[in-house]
Amino acid sequence: MTQPVEKLTKILLLEVEKYQDRAVFGGLARYADTWSQETEDFFIPEAADWIKEVTARLHAYSSLADSAARQHAVATLLDMLKHAPPTREEEGTTSPPAPAPAEARSTPPSPAHPPRTRQHVGLDSPVTVLQGVGPRQATRLARMDIQTIRDMLYLFPRRHDDYSQLKPINQLEYGEEVTIITQVWDAGTRKTRGGGSLFKATLSDGSGFIEATWFNQPYLVDRIKPGQQIVISGKVDEYLGRLCFSSPEWELLEKELLHTARLVPVYPLTAGVRAKWLRRLMKRTVDYWSKRLPDHLPASVRQQAGLVDLETAIVQVHFPDSQSSLKQARYRLAFDELFLLQIGLLRQRHMWRSEPSRPLPVDDATLDDFVGSLPFELTSAQQRSLRQIVADLRSDQPMNRLLQGDVGSGKTVVAAAAMALTATAGAQAAVMAPTSILAEQHYNTLSRLFESWPGRPPHIRLLTGSVAGEEREEIYAGLAQGSIDIIVGTHALIQEGVQFKELALAVIDEQHRFGVRQRAALRQKGYNPHLLVMTATPIPRSLELTVWGHLDVSLIDEMPPGRQPIATRLILPTERERAYSFLRSQVEKGHQAFVICPLVEESDKVEAKAAVEEYQRLQKHVFPKLELGLLHGRMKAEEKERTMARFVQGDLDILVSTSVVEVGIDVPNATAMLIEGADRFGLAQLHQFRGRVGRGEHRSYCLLVSGSSSPEAQERLKAVEATNDGFALAQVDLDMRGPGDFLGTRQAGLPDLKLASMTDLRTIEAAREAARRFFQTDPELIDPDSRLLARRLEQFWEEKGEIS
Ligand code: ADP
Ligand code: MG
C-alpha cells in the first residue's frame, strides 16, 4: 500500500512553480476522490475531519482562477500533509517509522530503516549497517572514500539533472529534457536483429501518445505494465519523424520519485556501483540520518551569515526541491568548510601567539645605520615591510609573517635587515633555502650587504649538505656557543646535530618548496622564534586568506627603480630559426641564455629523455660553436648544482633546462630565454621563468613558443606578453586552472575542500569574518554551544598536524 501522504505531497510538489493543474491527468479535482478512497483505513479514525478538509481543498483547486490563489492552496495543502495525523500502523507500535519504500526485487521487503541494532548505530557506524549494503558493496563504496554513514551524507552529487520541467505529451519538443506523467497503454518486448531485445511502451496522458523504448532490459516486462501510472524523464528523441523517448529514466508514480520529475542527483560512481542503486541508498540514508546529524554551527553564526541549517542543507544538496534551495544548500556547506578552515587557522595562530617569545631590543639607530649603508634607497614598499617586521621583532609575540614580492622586488634586503637587527640584539638568525645554489647565493648577497655596515659585522656562515668533517663540527660548535650570528643553509640546518644558542629569527626562502614538517623543524630549533617566510609566487588574495590565512602578510608591490620590463614575445614554431639566431647574437654580445623544454606530464623520465634529446640536437645542429649545459629532474642533486654553478660562473653560454631551473637564482648576465611548449605551463610559472633573466642592467628578452594553436592557448600567452605584473598573471592563472595546479604541488597541511572553492573570494571573506567574530568570543571553544563545533573541527583537520 502506498503512503497516501507521500504520494499527494509528491503530486503537489509537481504543481509548484507553474500551478497549471497538470500534476495529475484530469486535474486535482478529479484526483480528490481517488485520494480520499486511498486513505480509507489508513489513518486512525480521528483523522476523518482532516481527510475531509484535504479532499475539499483538492476539489476546489481546479476552479481557482489565478496562480497566486493556487500557490496559496498548494502551500496550505503541503502544510496540512506535513502535519498529517498518525496512521493506524503507527498507533500500534512505538518504533519510529521511516520504512524504506519497498523496492521491487533489489531489496527484501523487511523494513529498511532503522538499522538492525539501533542502540549501537550512529553516524560513524560503518555503511554495512545500512540495509542493502553488504561487505561487497562496502568495499566498493570504500573506493570512493566512504566508510561511514557520515561519509555517505557528505558524498555530494557531481551535478543534478534537471528533470523538473513537467509537460503534457502534446507539447513536447524535440531535444528538450522533460518529464511526463503518463499511463502505460501497451507494452511488450521483441527481439532485435542483432540478437538483443527491445522493450517498447506506448504511453498516453490524455493529451497525446508517445513511445518509449529500452534496449536489452527484458525484465522491464515485469515492471512496466499496461494501466500503470509512470513517470518518464529524459531527452525527447525522434524516430522516423515521430517524437519518442530512448532509454529514458522511469519510475512508477506511486513510489517516491527519485530518478525522475525533479532535480536528480548524479553521483560519482565506481565500478560495481550502479547509479540507481546508489541514489536509492542515498535517499534512504539522507531521509533517516540527516535528522540525526547535529548542526555544529552555532545558531548565532548561522543567523548572521544567513545560512540554512545542516539538516536542510544535506537534504537539499542531495535531493533539492528547486534550483534555489540547491544553491542555498551548497552555499551553506561550502561556507562550513571555509569556516572550519578559518577557525583552524585562527586556532593555530592563537596557539603560536599564546607562548611568548623574547622581544628583541631593536633600536632605531642600528636600523638607520644598516639602511644608510645600502648602495641604494629602499623602495617605499620595502620600507613599509621592514617597519612591519621590526614591530613584530619588538613584540613579545612571535612573528609569523609572509614576505611576498615578485621576483626581483628586493625581498632579500628586507630579510637581511631583520637579520642584522637580530644579530645586533645578541641573538641568532637562520635562513633556509631549498637548494645549495640558492643558499650560496644568499650567503654571498648577505656577506656583501654587511661589508659597508659601520656596525660590528655579524659572523655569517654557510651550511649545506656538502659541508662536512671538521668544518661542519666547527659550525655546529659556533651555533651552539653563539659565536655564529647568522647561518645560511639548506635542509642541513634542520639536521639533528644542529643546535642554536638562541635562534630568534628563522627565515625561509621560497617557502612553498618546503613541507610542513621542515618548516616546523626549523622553528623548533629555537624557543618560539620569529618566523619570516619569503615567496616570489604572487599570491591572489583568496589563497592568501586560506592557504596562508594564519600568517600576517607584508607585500612588496613595487619594483626598485630603473628595472626594465622583460620584453616578451610570442612566436610561431616556424619562427624558431630566427629565435635561435637571436640567442646567438646575445651570446656574441657576451651574454647568456636559457632554453626551457616543454613540460611532460607523463613522467619525469620521459621529460628527462626529451630534454636530453633537445640538448643534443641544439648542441650538435643549432649551436655547435657554443657551450651548452643541461639540467633536468632526473639528475643527481650534485650534478645539477655543478651545471648550475658553471652557468653562474659564465662557463656555459646556454643552459637547456626543464622546469627544474631554480626559482630565485640570480645570473645577471643572462639576458634571453626561449620557452618551448609555453602553452603547457601556468602563467605564474612562465612569469617565474622569465624572472631568471633581466636580473642585471642589460635589456632582457623572453620568447615564448607555443605548441598549440588553439585560440585559448594563444589568449593566455598573450597575457604574459602584455604584462610584467605577476599578480595579474597569477589571478588569471588561478581562475583558469584552480589552486591545485596553481600551487604546483598539493599544499601540505590543509584539509580537502569538497564544495568550497579556494578561488571564491566572497565566501572566503564571509567565512573568515564569521570565524573571526566567533573566535573573539570563544577562542578555546569551551562554551557548551561550541562543543559540537570543536568536535567537527577535529574531524575536519584530522591528522593534518601542524600547519605553517
Ligand atoms: P627578490 O629576492 O625579491 O627576487 P632580491 O632581493 O634578490 O629580489 O633583489 C633583486 C636585486 O635588486 C638585487 O640585486 C638587489 O640588490 C636589488 N635591489 C633590491 N632592492 C633595491 C632597491 N630598493 N633599489 C635598487 N636595487 C635594489
Ligand atoms: Mg630572492
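Every number for a ligand or one of its atoms is a count from 1 in the order of the listing.
Around atom 23 (N) of ligand 1, the closest heavy atom drawn from R448, E377, Q441, H442 belongs to E377. Distances from atom 25 (C) of ligand 1 to the heavy atoms of A416, G691, G405, P560 show the closest one on P560. With atom 8 (O) of ligand 1 as the reference point, the heavy atom nearest to it among P668, A536, G410, P375 is part of G410. Compare Q404, K411, M534 by their heavy atoms: the one nearest to atom 3 (O) of ligand 1 is in K411.
In this structure, L403 and I556 have side chains that are in contact, with non-hydrogen atoms separated by less than 4.5 Å. Contact annotation: the side chain of L674 never approaches that of F594 to less than 4.5 Å [non-hydrogen atoms, C-beta and beyond]. Two residues are said to be in side-chain contact when any heavy atoms from C-beta on lie closer than 4.5 Å; L583 and V587 fail this criterion.
Ligand 1 places these atoms under 4.0 Å from at least one heavy atom of S409: 3 (O), 8 (O). Taking every non-hydrogen atom of D406 and a distance limit under 4.0 Å, the qualifying atoms of ligand 1 come out as 3 (O). Applying the 4.0 Å criterion to heavy atoms of T379 picks out, from ligand 1, the atoms 23 (N). Applying the 4.0 Å criterion to heavy atoms of V413 picks out, from ligand 1, the atoms 19 (C).
Using a 4.0 Å cut-off between charged nitrogen and carboxylate oxygen, R456 and D485 count as a salt-bridge pair.
Under a 3.5 Å cut-off, the side chain of R472 and the backbone N or O of V467 do form a donor-acceptor pair.
If you look at L378 next to ligand 1, the close heavy atoms, those under 4.0 Å, all belong to the backbone.
Between F681 and F689, the ring planes are perpendicular. Angles over 60° get that label, and only those under 30° would be called parallel. Between W453 and F370, the angle of the ring planes goes over 60°, which puts this pair in the perpendicular group of the 30/60° scheme.
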